[in-house]
Number of protein chains: 2
Amino acid sequence: MTIKTKAQKGLALPLNQILGGDCIDVMNSLPAESVDLIFADPPYNLQLRGDLHRPDNSKVDAVDNDWDQFDSFAVYDAFTRDWLKAARRLLKPNGAIWVIGSYHNVFRMGAELQNQGFWILNDVVWHKSNPMPNFRGKRLTNAHETLIWAGKSESSKYTFNYEALKALNEGIQMRSDWMLPICTGHERIKDDNGDKAHPTQKPESLLHRVLLGTTNPGDVVLDPFFGTGTTGAVAKMLGRDFIGIEREESYRKVATKRIAKVRKFDNEALQVSTSKRAEPRVAFGVLVERGMLRPGEELYSLNGRHTVKVRADGTLSSDDIKGSIHQVGAHLEGAPSCNGWTYWQFKREGQRVPIDLLRQQVRAEMAKHA
Amino acid sequence: MTIKTKAQKGLALPLNQILGGDCIDVMNSLPAESVDLIFADPPYNLQLRGDLHRPDNSKVDAVDNDWDQFDSFAVYDAFTRDWLKAARRLLKPNGAIWVIGSYHNVFRMGAELQNQGFWILNDVVWHKSNPMPNFRGKRLTNAHETLIWAGKSESSKYTFNYEALKALNEGIQMRSDWMLPICTGHERIKDDNGDKAHPTQKPESLLHRVLLGTTNPGDVVLDPFFGTGTTGAVAKMLGRDFIGIEREESYRKVATKRIAKVRKFDNEALQVSTSKRAEPRVAFGVLVERGMLRPGEELYSLNGRHTVKVRADGTLSSDDIKGSIHQVGAHLEGAPSCNGWTYWQFKREGQRVPIDLLRQQVRAEMAKHA
DNA sequence: TTCACTTGTGAATCGCGAT
DNA sequence: AATCGCGATTCACAAGTGA
């Protein structure tokens, strides 16, 4: 892959380059209906208040960049409307778009996509295997981001490599929930000070799945919020042409250097990006939620000496202790630890059955469908 | 639990009943600021637009299907705006709402929630362990639905049972992605013909997690799209009061019968793990007053680097600072804050013991005499 | 080379009550 | 209404260190 241009409706289409400037202006300068796919990771409009510290008192390095500041939803909506309109003009009639966001902005993007006539094909959840925890215990761990995949219009004959994604997923249809780790370690690009070069660098595994599944080799992929160029890097690996637009010169520099080092796809790279799947865990509380065990129901210890009751939150209670299946078992046995899964039994039709049997049922289901 | 009413701002609040009629009208007839939580599973599908209302409350004629796509969204948006507004009026200032939807409608609901001043706390992905496959192989298997959890306003002190959800998840904080099976088998209610009674019955496991995590026993939970009454059934099990609104008489009948059969879990089972925040506050000075620590006695920091002396008024002193256990700890560590209870230790029989142990003794005594 | 242990960090809308 | 002080709160990895 080299830098090149394509003649397109009388205007030159710059390929495999990173263009500077405001993405709306730049998009409007490019020829209409010339791009096969757009991948867009716009500012999320996080509205952070004060500093946040971890329990060990270290400070969280938050996304406080100027480019993520908007005065109101109205201003953010106008921005979204404008860049989506410019993006839509660039798409070929059978083109498609991916956008990514969090609950701060994704509802507004999704609604505007629909308003402009894009046709949503799927929303896709990127489940992070290693998200940042909720340090204050005030909400659920924010463990996912949302992508929206939409055709330019209802009648667009979009590209979907069904078999390729099925193969990626070990022979089972690819689902709308993707478990992938966040971008860390050597993949995370550092600046000269050793700090992260960009606060929100996306993992290559994510773009790999997007581009493999919804473009063909030789397609033109445009990313209007290019950042450090993950889209370009993966496009090059996979033999697609890219156009990047990025306002900040520092990001453009990093991305240029990064992409120059990329070699076109080899099998090993595919292996890496597909093998990073995390094992599901089964919590005892899930058995209660699913009605496999009822709150108030009694469990019996393996040796028959102890009886406890199940509580609605998946803890056990006896006269003198409450806690997890493991904690209560250990306490009652006077042991330092105890595997509650094999220690506790419940009754069905007069028979005692180990609770581990229920866990196996849940596991089997998860394995079938994960 | 029995059918009852609560006097609320001069108007009766009907509890544990299913009210017939249009949900917007019914909600507007109930007293303002009387409900702790709303769970709403509104129609997803724009095919139902014939049953929707225009902004001027006139009914849309389903047969007159001249609507282009753009108009359909406008009508759906008006419907969403109206029922959310009515719901918002019913919520107590510290109340919260859950809505559930798919990519067809959830972006519009999320945006409207934000527009009305609700404050999004999390979006939650219900990741289905057994979704229906995509038979035609044209898209990704649609394997999830999205819930949005929002406070009535940014300043709402919403209920969040952090420890209970953490216990439910085996000691690890609950994430924003929930793997639960869809409603099938015996849980799925059948009509007299043996067909499913309702097309989109939600699993009880989903409501169990929602209600356990974001309400307290005795709270009032309203569901304006009650259907076959999963919200009511789980509310009853968990000792919460519910108000259901459902337009279709056939669904009301099914739900009534279903809920009558539900038994409340016993109170012991409903006790969930609580956070330390809920425990009574103990002043460090009390330990000195009670002779558990003597003025002049030395305390040692967790890391062994600092030694300070206890003073008679319950402050600590070192060479260069005097103040509370927290202030002195924070100063010596150069940290913005410090929990003195876990930071400081005293000596008994040669052993170092955290001062938090003494606080626990005081709390145990307080509980005995309360 | 391996293992055990320590340190660092990631798109975060992350208190509450008394005064 | 705004301020102030108590005091509660983290998961999965990757990289580095030292024996």
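Chain A is the first sequence line, chain B the second, and so forth, proteins listed ahead of strands; every chain is numbered from 1.
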Enquirer: Which part of the nucleic acid does A/Gln201 contact within heavy-atom distance under 4.0 Å: base, sugar-phosphate only, or nothing?
Expert: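 Answer is nothing: A/Gln201 stays at 4.0 Å or more from every strand.
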Enquirer: Does B/Glu154 reach a base, just sugar-phosphate, or nothing at all? Heavy atoms under 4.0 Å.
Expert: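 The residue B/Glu154 makes no contact with any strand.
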Enquirer: Tell me whether the NZ or CZ atom of A/Arg247 lies within the 45° cone about the ring axis of A/Trp67 and under 6.0 Å from its centre.
Expert: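 Because its charged atom misses either the 6.0 Å distance or the 45° angle limit, A/Arg247 does not stack over A/Trp67.
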Enquirer: By the 4.0 Å heavy-atom rule, please label B/Arg277 as base, sugar-phosphate, or nothing.
Expert: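 The answer is sugar-phosphate, as B/Arg277 gets under 4.0 Å only of primed atoms, P, OP1 or OP2.
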Enquirer: In a check of side chain to side chain donor-acceptor pair (under 3.5 Å) between B/Ser176 and each of A/His144, A/Arg139, A/His127, which one passes?
Expert: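 Of the listed options, the one satisfying the test is A/His144.
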Enquirer: With Watson-Crick and G-U wobble geometry limited to distances under 3.5 Å, how should the secondary structure of DNA chain D be encoded in dot-bracket form, using | for bases paired to another strand and [ ] for crossing pairs?
Expert: .|||||....|||||||||
Enquirer: Looking for any heavy atom pair under 4.0 Å, which part of the strands does A/Gly101 touch: base, sugar-phosphate only, or nothing?
Expert: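 Nothing, no nucleic acid heavy atom in range.
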Enquirer: Mapping A/Phe135 and A/Thr184 onto DNA chain C by nearest heavy atom, which one lands closer to the 5' end?
Expert: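 The residue closer to the strand's 5' end, by nearest nucleotide, is A/Thr184.
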Enquirer: Kindly give the heavy-atom pair with the smallest separation between B/Asn169 and B/Ile172, and that separation in Å.
Expert: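 The answer is ND2-O, 3.0 Å.
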Enquirer: For nucleotides 5-7 of chain D, which of its nitrogen or oxygen atoms have a protein nitrogen or oxygen under 3.5 Å away, and what is each distance?
Expert:
{"unit_1": "D/dC6", "atom_1": "OP1", "unit_2": "B/Ser324", "atom_2": "OG", "d": "3.1"}
{"unit_1": "D/dC6", "atom_1": "OP2", "unit_2": "B/Ser324", "atom_2": "OG", "d": "3.4"}
{"unit_1": "D/dC6", "atom_1": "O3'", "unit_2": "B/Arg281", "atom_2": "NH1", "d": "3.2"}
{"unit_1": "D/dG7", "atom_1": "OP2", "unit_2": "B/His326", "atom_2": "NE2", "d": "3.0"}
{"unit_1": "D/dG7", "atom_1": "OP2", "unit_2": "B/Trp341", "atom_2": "NE1", "d": "3.1"}
{"unit_1": "D/dG7", "atom_1": "O3'", "unit_2": "B/Asn339", "atom_2": "ND2", "d": "3.4"}

Enquirer: So what does A/Asp195 hit on the nucleic acid, given a heavy-atom distance under 4.0 Å: a base, only sugar-phosphate, or nothing?
Expert: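 The residue A/Asp195 makes no contact with any strand.
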Enquirer: Expressed as a whole number of Å, how far does the C1' atom of D/dG7 sit from that of C/dC14?
Expert: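 Roughly 15 Å separates the two C1' atoms.
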Enquirer: Which nucleotide in the set C/dA11, C/dC14, D/dT9 lies at the smallest distance from any side-chain heavy atom of A/Pro55?
Expert: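 Ranking C/dA11, C/dC14, D/dT9 by closest atom to the A/Pro55 side chain puts D/dT9 first.
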Enquirer: If the threshold is 4.0 Å, N to carboxylate O, is there a salt bridge linking A/Lys128 and A/Glu145?
Expert: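 A/Glu145 and A/Lys128: salt-bridged.
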